[in-house]
Amino acid sequence: MEAFQLLSRGGARFDKNRFKNDVQLFNKTKPSNDKGKAVAKASEGELPAELDFFKYAQGGSAKRKTSGSEQRESAENTTKKPRLEEDEDEDEDDQPDAADDPPMPRHRVTTKGNNVPEHVESFQALQERYALSNRLLTNLEESGYKRPTGIQSYGIPILMESRDLAAISPTGTGKTLSYLLPVMASLGAPAASSKGDAGTGVRALILAPTRELAHQIHNECLKLAQGRKWRIVLFSKATASTLADKNVRDKVDLVISTPLRLVAALQAGHIELDNVRHIVLDEADRMLDSEFLSQVQEVVAACTYPNVQKAVFSATLPAGAEKIAMSMLQDPIRVVVGLKDTPLPLIAQSLTYVADDPSKLPTLLQYLSQPYNPPVLIFVSTQPRAASLAEELVINSIPNVDCLHAGMTRKEREDAVSRMRRGESWVMVSTEVMARGMDFKGVREVINYDFPQSVQSYVHRIGRTGRAGREGKAITYFTNEDAPFLKAIANVLLQSGSTVPEWILKLPKPSKMKRREMGKVKRAEAVTPASRIGRQDAIKKRDMIAGSKRRQGKAERKAQSTQDRDGSVADEREN
DNA sequence: AAAAAAC
């Protein structure tokens with residue numbers, strides 16, 4: 001019985017009531033089902049009419065054509081029904097479903113490899129060529145997919161023909177469907193039935209770097225699997241223990257997991273992967289970086305089925321990661337949509353000089369005191385800074401502030417995501433955990449409060465906006481300390497069509513020594529508060545912030561106490 | 001180069 005609750009079957013709808021009792025911590029307004037109304041009301045007329053972030057700007061003017069073997073990427077979506085009525089929890093997907101259907105930007109697609117299968121122009125053509133089930137096509141339509149994006153029209157045929165694939169495609173261009181559809185098409189009969197050659201145990205495996213992303217992929221997967229009896233499992237502690245029963249796990253068809261979770265289950269003997277025929281690494285460069293690599297290798301090594309199909313997907317793939325990826329793949333095809341490591345031109349990017357850390361908060365508060373398009377996603381470098389910035393914003397009466405980082409409990413994280421999906425978060429402060437893959441369609445503004453630690457991080461962070469052909473805006477604060485890394489990011493802006501002040505471009509490339517020296521400068525553990533006034537309120541309000549106690553690691557509690565004691569944690573260190 | 005995330 002428990003197993004049936006935990007194992008989401010294909011066809012089961014996502015539990016709509018699950019978040020019903022969420023405490024609406026930050027809503028000053030009464031929670032309402034009518035998003036537009038709620039937003040307009042609470043904005044007290046400060047926000048522009050276009051603020052209704054569930055309607056999307058027409059991306060027309062920003063559309064750019066590139067020549068070459070041009071790929072049509074159309075807006076894939078469609079259904080005109082208002083999303084909210086349909087499902088409250090806003091389950092996520094890589095695709096749009098807004099009423100206003102912005103045209104997708106067109107990107108050049110390049111392929112490399114032996115006998116590259118012909119791309120398809122439509123899902124119809126795909127069905128005809130590969131005899132996809134009507135069911136799958138219906139589910140596609142109902143999920144709002146209309147026309148394949150670049151990566152979908154090239155990637156799906158490659159995977160359908162059982163080839164290995166390295167796919168590089170910008171943020172928000174529909175990578176998830178590119179691997180889900182072929183996997184589903186090849187699953188055939190559920191393992192629970194005795195028909196077909198399903199064998200016993202998991203047949204497809206999708207790995208992602210964060211719980212939130214795995215969850216999002218799972219939701220998308222359930223939509224596509226409607227009406228089928230596949231068992232699609234989002235691997236978690238709970239499911240892992242359920243799968244300790246071999247009878248249960250033998251009936252699982254598809255698993256979505258983070259690597260470490262799966263490694264733990266393997267070691268505990270709670271899962272076998274010898275029947276896995278498809279492995280997908282989402283956010284491949286992240287999955288192949290030093291911390292994840294050995295875990296991923298262990299998982300891959302446990303997949304002993306002959307000729308396992310492997311595919312890796314990302315918007316960024318630095319040379320080192322690509323080399324590792326290619327060495328794992330057999331006779332791979334490499335597909336690149338647009339320019340690797342480059343944000344979409346739809347995202348208007350800018351850089352803001354803030355001198356030093358203490359100047360950031362006033363700058364942000366000033367920004368948030370003017371009309372903006374909620375929800376705004378704000379990135380900081382550490383968990384303590386995420387928690388303390390969220391705190392400071394609450395103290396300063398910014399409405400509907402939320403916080404999400406991996407130091408929070410599973411439930412707190414889930415709640416934060418669901419508030420975000422429901423449009424209840426106006427300002428979401430988070431760490432790198434949110435930087436990759438997360439698809440919040442309404443996000444039109446990203447602020448890098450703390451400078452990103454790599455070009456890849458930058459590209460993924462700002463890629464939370466400008467999804468599926470919509471416009472977006474990204475602001476990056478930089479301090480004197482960030483100067484050594486500024487030029488690299490400035491070049492990214494230039495390459496993707498945003499403008500950069502000339503003086504930044506004229507910056508000399510700092511010597512390695514200088515960079516190393518500056519890299520040592522430690523950032524304050526907590527965000528520097530704007531003022532000491534209202535500190536008493538602050539303490540009260542602090543406890544309202546999701547997970548404000550447990551979530552905090554030692555470092556943070558220390559920072560917190562420092563803050564309370566001497567009233568300031570400004571990083572006074574000179575550089 | 002470096003923190004975050006994975007449990």
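Model, not experiment: these values are computed from the prediction. Because only heavy atoms are used, hydrogens play no part in the values below, and waters and symmetry mates are left out as well, while side chains stay in.
With rounding to whole Å, A:Tyr458 atom OH is found 22 Å from B:dA3 atom P. If you measure from atom CG of A:Leu404 to atom C1' of B:dA4, you get 12 Å, rounded to the nearest angstrom. Nucleotide B:dA5 holds its P atom 14 Å from the CG atom of A:Leu260, rounded to whole Å. Counting to the nearest Å, the C1' atom of B:dA4 and the CG atom of A:Asp450 are 13 Å from each other. One atom, CD of A:Gln295, and another, C1' of B:dC7, lie 9 Å apart when rounded to the nearest Å. One interatomic measurement links the two molecules: CG of A:Asp289 to C1' of B:dA5, which rounds to 9 Å at whole-angstrom precision. Distance A:Glu212 CD to B:dC7 P: 10 Å, rounded to the nearest Å. Protein atom NE2 of A:His405 is 10 Å distant from nucleotide atom P of B:dA4, rounded to whole Å.
At least one side-chain nitrogen or oxygen of A:Thr258 sits closer than 4.0 Å to the OP1 or OP2 atom of B:dC7. At least one side-chain nitrogen or oxygen of A:Thr431 sits closer than 4.0 Å to the OP1 or OP2 atom of B:dA5. Taking only side-chain nitrogens and oxygens, A:Arg410 never comes nearer than 4.0 Å to OP1 or OP2 of B:dA6. For A:Gln383 and B:dA5, the shortest distance from a side-chain N or O to OP1 or OP2 is below 4.0 Å.
In this structure, A:Tyr353 and A:Trp503 have perpendicular ring planes: the angle between them is above 60°, well past the 30° mark.
Every residue two or more places apart in sequence or in another chain was checked for a salt bridge (Lys or Arg N to Asp or Glu O under 4.0 Å) with A:Arg211, and none qualifies. The side chain to side chain donor-acceptor pair (under 3.5 Å) test applied to A:Gln456 returns no partner, not counting sequence neighbours.
For A:Tyr179 and A:Phe313, the distance between ring centers is under 6.0 angstrom.
If you check every strand for non-hydrogen atoms under 4.0 Å, A:Pro209 touches sugar and phosphate atoms only. Looking at heavy-atom distances under 4.0 Å, A:Arg436 makes no contact with the nucleic acid at all. Note on A:Ser454: a base of the nucleic acid sits closer than 4.0 angstrom, heavy atoms only.
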For this session: Decide yes or no on side-chain hydrogen bond (donor to acceptor under 3.5 Å, both in side chains) for A:Asp450 and A:Ser381, but give the supporting numbers first.
Result: CA-CA 6 Å; A:Asp450 290 338; A:Ser381 59; 3.0 Å; yes
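At a cut-off of 3.5 angstrom, counting only N and O atoms as typed in the model, there is a donor on one side and an acceptor on the other between the side-chain of A:Arg286 and the base of B:dA4.
Listed candidates were B:dC7, B:dA5, B:dA4. Nearest to the side chain of A:Thr382 is B:dA4.
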